[in-house]
A.B. asks: 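Just dropping this structure here.
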Amino acid sequence: MGGSKTPSSSRIEWLEYVAASIGMAFACSGFAMLGQLFAFSTGWLLLVAVVVAGVLCGAISLSIGELASMFPSAPGVRTYFKAAFGDQVSLALTFAVLGIVTLFAGVESYAFHAALKQVVPGLSPIAGMTLAIGTVAAMNLAGFEVPRKAQLVLAALIVLLLLVVSGRSFFGTPSVIEEATGETGAAAAVAAAGGAVFLYTGFEWVTPLGRRPDAYRARIPWSMPAALTVLTLVFGLLTIALGREVPRSMLHESLTPHVLLGERMGMRYLMIAVSMFATLTTFNAGLMGGSRLLYILARERRFFSFAAQLSDRTGNPTRAVILIAVTCWGAAILEWAFDAYLEASTICAALYAAVYACFGIANVRLRKTRAAAKRPFRAPVPPFVQLALAGLMALFGLGLLAAPQGRQIVVFGGFAGAVAASAALAFLFVRRDAAPRRVAAVAATESE
Amino acid sequence: MSNVAREAMVRALTRFQAKVNEHPRLRTLLKGWDRDVRVECDDVDVRHGVRFRDTLIQDIAEDDGDADVPITMRASHAVLIDVFEGRRNPATLFLDGELQVFASDKDQTKLDAISLLLWD
């Protein structure tokens with residue numbers, strides 16, 4: 001049954017988890033958000049916001065690691081929150097995550113188009129976005145998985161290229177010296193940190209990927225802080241390099257600020273390649289993870305049963321993949337038609353901040369309600385600190401929502417709409433499942 | 001206790017093997033899916049290997065747990081017996097964290113597809 005595990009294969013396995021976590025966080029839309037952050041702030045304050053967001057995500061990842069060790073291999077968001085908060089709240093948060101995947105797909109596919117257009121100038125937005133979503137959906141339908149070793153290589157390549165392009169900018173005189181600093185107030189810093197959380201989102205999608213039970217003792221839990229350390233370093237250096245080389249006005253107008261930097265450093269095509277790799281890894285994980293989540297919900301009778309249909313040939317949840325792909329494509333078209341990328345990414349970041357805050361709260365709650373449960377990994381963070389970090393994360397999300405940028409009515413409306421829709425769907429599906437049982441219970445009582 | 005548990009597991013897996021090997025639609029689903037699956041209890045020392053070859057479950061054998069396998073299913077003895085006898089929905093157990101499946105996404109879905117075809 002294959003070969004035994006050796007120390008070196010354990011190390012490679014851990015690196016694969018780190019790479020998977022890094023790969024899922026890197027996205028074209030992350031670079032777009034990094035450019036947007038220059039609208040809130042610049043200089044050291046922005047760098048501090050990027051680093052603080054990374055450190056905060058790193059601290060919360062330890063709570064997620066503990067939850068993963070309690071429920072190894074489980075689809076994180078649904079399982080952890082169900083154990084901590086019950087069926088309905090968990091379902092609402094799961095729908096919120098699916099909402100994030102949908103909104104994110106619109107931003108990501110447009111950012112992908114913006115990068116690809118620099119190589120194929122005539123490419124229309126609809127064609128570019130359809131290509132991105134269609135390719136990933138087709139890969140999923142065909143049952144193609146990016147091999148783990150290839151993911152490791154891709155993540156390493158992205159990190160290396162971004163470090164090189166940032167590093168090169170430090171060897172010359174800065175091109176941008178006259179730039180005025182951005183906002184310096186506390187509100188701007190909080191908003192920038194809230195936006196910066198978006199750069200790291202997705203790191204926790206590594207939790208279901210453990211290959212064996214013992215991976216959850218240390219390898220999976222520590223892979224996330226390790227990945228976030230690398231990501232914080234990369235985004236920190238990229239922030240400094242962008243501030244030195246690209247005028248602020250260009251940065252917050254651009255969806256591909258890393259390509260602007262690449263142009264100045266003679267690495268334009270390599271940065272376009274980074275965009276392609278980033279979209280491939282994140283998008284594939286998002287679409288695949290989203291469709292799997294939808295399929296599992298349908299199997300659990302918490303979503304329409306048609307999404308539980310599997311292909312006889314590949315065993316893939318065909319309808320769930322198609323449903324997610326079509327919804328993502330629809331969101332992409334809407335975001336493009338209303339030029340709502342900034343608003344969509346702001347809503348995603350704020351929702352994600354709320355979800356991350358819930359992870360911290362869930363872990364503290366489970367330490368009380370399931371104190372005796374096995375925890376092969378225990379977050380080395382006291383519960384009150386975990387709660388404080390969750391509060392800080394929520395504050396960052398709120399700060400971002402309140403920041404004066406884009407069309408605020410769209411941001412508020414979109415955020416409130418996403419929360420309300422998630423809660424309503426959860427209520428309806430839990431109630432729909434309970435209804436026949438109530439009828440049966442009444443019938444049983446009457447017959448007595 | 002361990003011997004009784006082991007025998008119960010072998011009975012459940014053998015019945016599961018018969019069902020899988022008899023089901024016509026599973027021939028299409030399992031085409032090209034040659035995998036070794038470890039079935040491991042987390043409350044008693046019982047561990048078995050299930051070998052899928054040429055669209056059939058070819059072999060069920062005790063497993064020492066040393067070798068690296070692409071798929072490991074892990075749960076309490078009672079839960080595993082219920083899963084292989086079709087009494088409980090593995091998808092729900094998986095979501096509730098009662099059943100752990102260590103495998104690629106594709107292999108996880110394939111396992112769920114088997115249970116879906118056999119029992120739903």
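Throughout, protein chains are lettered first and strands after them, A, B, ... in sequence-line order, and every chain is numbered starting at 1.
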A.B. asks: With respect to chain A, which residue among Ile114(B), Val101(B), Thr92(B), Thr72(B) yields the maximal number of heavy-atom pairs within a distance under 4.5 Å?
C.D. replies: Val101(B)
A.B. asks: Name the region of Ser90(A), side chain, backbone, both or neither, that has any atom closer than 4.5 Å to a heavy atom of chain B.
C.D. replies: neither
A.B. asks: Can you tell me how far apart CD1 (Ile71(B)) and CZ (Arg212(A)) are? Round to the nearest 0.5 Å.
C.D. replies: 13.5 Å
A.B. asks: How close do Gly97(B) and Phe71(A) get, heavy atom to heavy atom, and via which atoms?
C.D. replies: CA-CD2, 4.0 Å
A.B. asks: Among Leu99(B), Asp112(B), Leu111(B), Asp96(B), which residue forms the greatest number of heavy-atom pairs with chain A at distances under 4.5 Å?
C.D. replies: Asp112(B)
A.B. asks: What part of Tyr295(A) is in contact with chain B, defined as an atom under 4.5 angstrom from a non-hydrogen atom: side chain, backbone, both or neither?
C.D. replies: side chain
A.B. asks: Within a 6.0 Å radius of atom CZ on Arg217(A), are there more than 12 heavy atoms belonging to other residues, nucleotides or ligands?
C.D. replies: no
A.B. asks: Based on non-hydrogen pairs under 4.5 Å, which of Gly210(A), Pro72(A), Gly289(A), Ala74(A) is most in contact with chain B?
C.D. replies: Pro72(A)
A.B. asks: Considering only heavy atoms and a distance below 4.5 Å, find which of Pro75(A), Ser73(A), Pro208(A), Ser311(A) pairs most often with chain B.
C.D. replies: Ser73(A)
A.B. asks: Identify which part of Glu98(B) has an atom lying under 4.5 Å from any heavy atom of chain A, answering side chain, backbone, both or neither.
C.D. replies: neither
A.B. asks: Atom CZ in Arg299(A), atom CG in Leu95(B): separation rounded to 0.5 Å?
C.D. replies: 10.0 Å
A.B. asks: Below 4.0 angstrom, N of the basic side chain to O of the carboxylate: do Arg211(A) and Asp68(B) qualify?
C.D. replies: no
A.B. asks: Pick whichever of Leu30(B), Thr109(B), Thr28(B), Leu26(B) has the most heavy-atom pairs under 4.5 Å with chain A.
C.D. replies: Thr109(B)
A.B. asks: Test Leu310(A) against every option in Leu117(B), Leu116(B), Leu29(B) by the side-chain contact (heavy atoms from CB on, under 4.5 Å) rule and name the one that passes.
C.D. replies: Leu116(B)
A.B. asks: Check each atom of Ala308(A) against the heavy atoms of chain B and say whether the ones under 4.5 Å are side chain, backbone, both or neither.
C.D. replies: backbone
A.B. asks: Heavy-atom pairs under 4.5 Å with chain B: which of Met70(A), Lys374(A), Arg292(A) has the most?
C.D. replies: Arg292(A)
A.B. asks: At a heavy-atom separation under 4.5 Å, does Phe81(A) approach chain B through its side chain, its backbone, both, or neither?
C.D. replies: neither
A.B. asks: Identify which part of Lys106(B) has an atom lying under 4.5 Å from any heavy atom of chain A, answering side chain, backbone, both or neither.
C.D. replies: both
A.B. asks: Please give me the minimum heavy-atom distance between Ile296(A) and Ala91(B), naming the atom from each residue.
C.D. replies: CG2-O, 4.5 Å
